[in-house]
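Naming: A, B, ... by sequence-line order, numbering from 1 per chain.
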Amino acid sequence: MAGFAVVMLSLASLWVLCEIVSRLFKRAAELPSKPGPQPQAGAEPAAPDAAGPGGEITAVIAAAVTATFGRGTVIREIRPPAPAPVNPQLAAWTLQGRLQHHTSHSLR
Amino acid sequence: MDVLTHFFSLTGFGLVSWQMIVMWGVALVLLYLAVYRGFEPLLLVPIAFGALLANLPTKGLVNEPAGPVLSPGDGRVIEWKVGIGDQVTEGQTLAVLELVSASGTTRTEPLVSHAHGEVVSIPVSALNTVREGEVLVILYSKEPGGLYHYISQGIVLELFPPVIFLGVGALTDFGPLIANPRTLLLGAAAQLGVLVTFLCAYLLNFSPGESASIAIIGGADGPTAIFLSSKLAPDLLPAIAVAAYSYMSLVPLIQPPIMRALTTPAERRIRMRSLRKVGKLEKLIFALIVTVFCILLVPPASALVAMLMLGNFLRECGVVDRLVKAAQNEIINITTIFLGTSVGITMTGERFLQPQTLSIIGLGVVAFGISTAGGVLMAKLMNLFSKEKINPLIGSAGVSAVPMAARVSHIEGQKADPSNYLLMHAMGPNVAGVIGTAVVAGFYISTLGK
């Protein structure tokens with residue numbers, strides 16, 4: 001069984017070497033990236049991105065729309081909601097969420 | 001009538017023996033399996049066709065050219081039957097030798113000519129002692145050797161298997177293995193069948209070299225099996241090659257019952273975490289590490305490991321596209337044709353129709369089965385110590401029939417849980433098995449080779 005021991009030890013050693021290399025790569029990837037220029041005090045915060053959400057969120061929204069309304073539904077625009085006093089619908093979402101949460105508990 | 005009789009004597013009909021006719025049947029069965037049943041056709045078609053050619057009274061196909069005739073062993077020349085200037089024919093007795101085996105026993109053996117030609121030199125006189133491989137007589141003829149005498153040098157000189165490994169390396173993505181390197185242990189454990197079968201073959205009175213050559217069938221790696229057999233047991237090469245490639249094509253039949261017997265339904269449903277992405281630099285470093293480490297560990301496996309990793313480095317570096325395409329296509333395809341037919345052309349009836357051929361075929365199944373079990377059991381053992389569980393089905397993919405064994409693991413996993421995708425996880429041990437089999441072959445060559 002010396003042969004079995006040789007092959008187990010050699011591939012186990014390769015495993016250790018691969019782990020060392022992969023940890024070096026992970027460490028290199030985790031190194032913090034160079035910080036960008038700090039905003040000056042009193043500067044206005046950047047406006048929200050008017051172009052809409054990123055790729056992943058768009059895909060999720062599209063999937064949800066398709067699941068709810070079926071294929072063939074066309075999404076013409078996606079934009080983030082404005083704050084609650086400006087957009088009463090946002091308050092409605094929050095209200096609906098609270099309602100569903102409260103009605104999910106069965107009270108004795 | 002005399003003309004007809006004379007003509008008939010010039011044809012090959014009179015040279016057909018019963019062994020040839022039986023081997024025609026064997027070749028036809030292999031061709032049917034390859035062409036109509038899809039049994040590893042890339043190798044079995046050339047092997048089977050070569051076997052057909054080996055059992056026909058060909059001329060100019062396999063004959064050796066005239067040249068030096070070497071001593072088959074240590075001993076002495078008792079008597080010369082020919083002299084300088086004599087014309088000899090293939091198969092004619094040139095001398096009588098007394099040979100001494102390693103155990104000290106002596107035997108008398110005729111020295112037979114391998115070709116037609118004229119005796120031009122006899123360097124060794126009668127009653128002189130000789131060593132194995134020493135030139136005893138030199139024959140001359142204008143006729144060159146047959147086509148496959150020269151093509152078969154690719155096996156004799158151990159060229160074809162490493163060149164095929166160049167193509168294998170160029171076709172293989174080691175990413176799944178690098179992303180989950182503990183699956184190297186599964187590839188190693190799947191060599192268990194090789195080592196157990198070695199013991200079984202040895203107990204069946206095969207020599208150590210023959211036992212190792214038979215056992216390597218369990219590695220499910222055709223080029224490695226041919227590489228090792230041509231070094232340690234060239235007479236068994238045809239049977240071993242046919243067994244190896246036949247069983248590789250039977251992986252979807254042989255493995256699943258063993259996998260199901262050794263795992264519970266809950267284990268078969270284990271989901272593994274998605275593999276991380278492996279970058280180009282990491283793959284290049286992996287190729288270099290494996291090359292250096294494996295060659296330092298088992299130098300006799302250098303040819304296989306070096307060509308495997310050279311092919312992989314060419315693939316991963318991304319700057320030699322033409323070379324990669326050549327390795328993946330033209331080089332490996334040409335070599336496959338010549339390797340297969342050269343193996344098949346050694347399948348003469350006298351060699352193949354022996355009782356030991358059945359033993360080899362039986363031991364091949366044993367090797368495969370134990371290798372499959374070894375990989376599965378290693379995965380289960382690793383699960384005892386590991387927080388992140390491994391689906392034991394991927395352990396069977398350590399049998400390096402790439403990518404068929406990985407596909408079998410995936411399909412068995414899907415039967416337990418249709419939404420469980422094991423293919424990429426199984427590719428890790430699958431390609432680890434290629435490295436493991438090469439290491440085992442190197443170990444056998446270093447310990448058993450001359």
Side-chain angles (χ1 to χ4, degrees), chain A residues 1-37 46 49 51-75 78 80 97 100-101 104, chain B residues 174 177-196 198-199 212 215-216 219 276-279 281-286 288-294 296-298 301 305 374 378 382 398 428-429 432-433 435-444 446-448:
Chain A
M1 295 315 253
F4 190 60
V6 165
V7 75
M8 286 298 294
L9 278 170
S10 55
L11 266 65
S13 306
L14 272 175
W15 171 26
V16 169
L17 289 168
C18 287
E19 279 290 350
I20 292 170
V21 171
S22 81
R23 280 183 198 195
L24 288 170
F25 273 89
K26 274 183 202 161
R27 216 176 272 178
E30 280 163 11
L31 278 173
S33 51
K34 237 175 152 182
D49 183 12
E56 277 184 26
I57 297 177
T58 306
V60 168
I61 292 171
V65 166
T66 305
T68 307
F69 297 110
R71 282 183 163 220
T73 309
V74 176
I75 300 173
I78 301 174
Q100 285 193 13
H101 179 74
S104 68
Chain B
F174 283 103
L177 173 62
I178 299 167
N180 194 4
R182 58 185 178 151
T183 52
L184 279 160
L185 292 184
L186 302 181
Q191 309 309 314
L192 181 66
V194 176
L195 298 144
V196 171
F198 173 84
L199 293 171
I216 205 74
R276 66 177 176 90
K277 251 192 144 175
V278 177
L281 180 59
E282 214 177 333
K283 289 182 182 179
L284 293 174
I285 292 173
F286 175 81
L288 295 173
I289 287 176
V290 172
T291 306
V292 171
F293 183 78
C294 289
L296 286 175
L297 186 70
V298 272
V305 172
M378 175 55 83
M382 287 167 73
I435 301 172
T437 310
V439 169
V440 170
F443 171 76
Y444 279 138
S446 63
T447 50
L448 303 173

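- Applying the side-chain contact (heavy atoms from CB on, under 4.5 Å) test between A/V7 and each of B/V194, B/I435, B/V439 identifies B/V439 as the sole match.
- Residues B/F293 and A/L14 have side chains in contact (heavy-atom distance under 4.5 Å, counting atoms from C-beta outward).
- Using a 4.5 Å heavy-atom cutoff, the side chains of A/M8 and B/Q191 are not in contact.
- Listed here is the closest heavy atom pair of B/G187 and A/L11: C-CD2, 4.1 Å.
- Within the 4.5 angstrom heavy-atom criterion, atoms from both the backbone and the side chain of B/L192 approach chain A.
- Contacts between A/F25 and chain B at a heavy-atom distance below 4.5 Å involve the side chain alone, from C-beta outward.
- If you take CD1 on B/I285 and SG on A/C18, they are separated by 10.5 Å, rounding to the nearest 0.5 Å.
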Exercise. Could you go step by step and tell me if A/E19 and B/R182 meet the side-chain contact (heavy atoms from CB on, under 4.5 Å) rule?
Worked result: CA-CA 9 Å; A/E19 279 290 350; B/R182 58 185 178 151; 5.6 Å; no
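- Contacts between B/L199 and chain A at a heavy-atom distance below 4.5 Å involve the side chain alone, from C-beta outward.
- For chain A, the nearby parts of B/L185 are the backbone and the side chain; heavy atoms of each come within less than 4.5 Å.
- In this structure, B/L195 CG and A/F4 CZ are separated by 7.0 Å, a value rounded to the nearest 0.5 Å.
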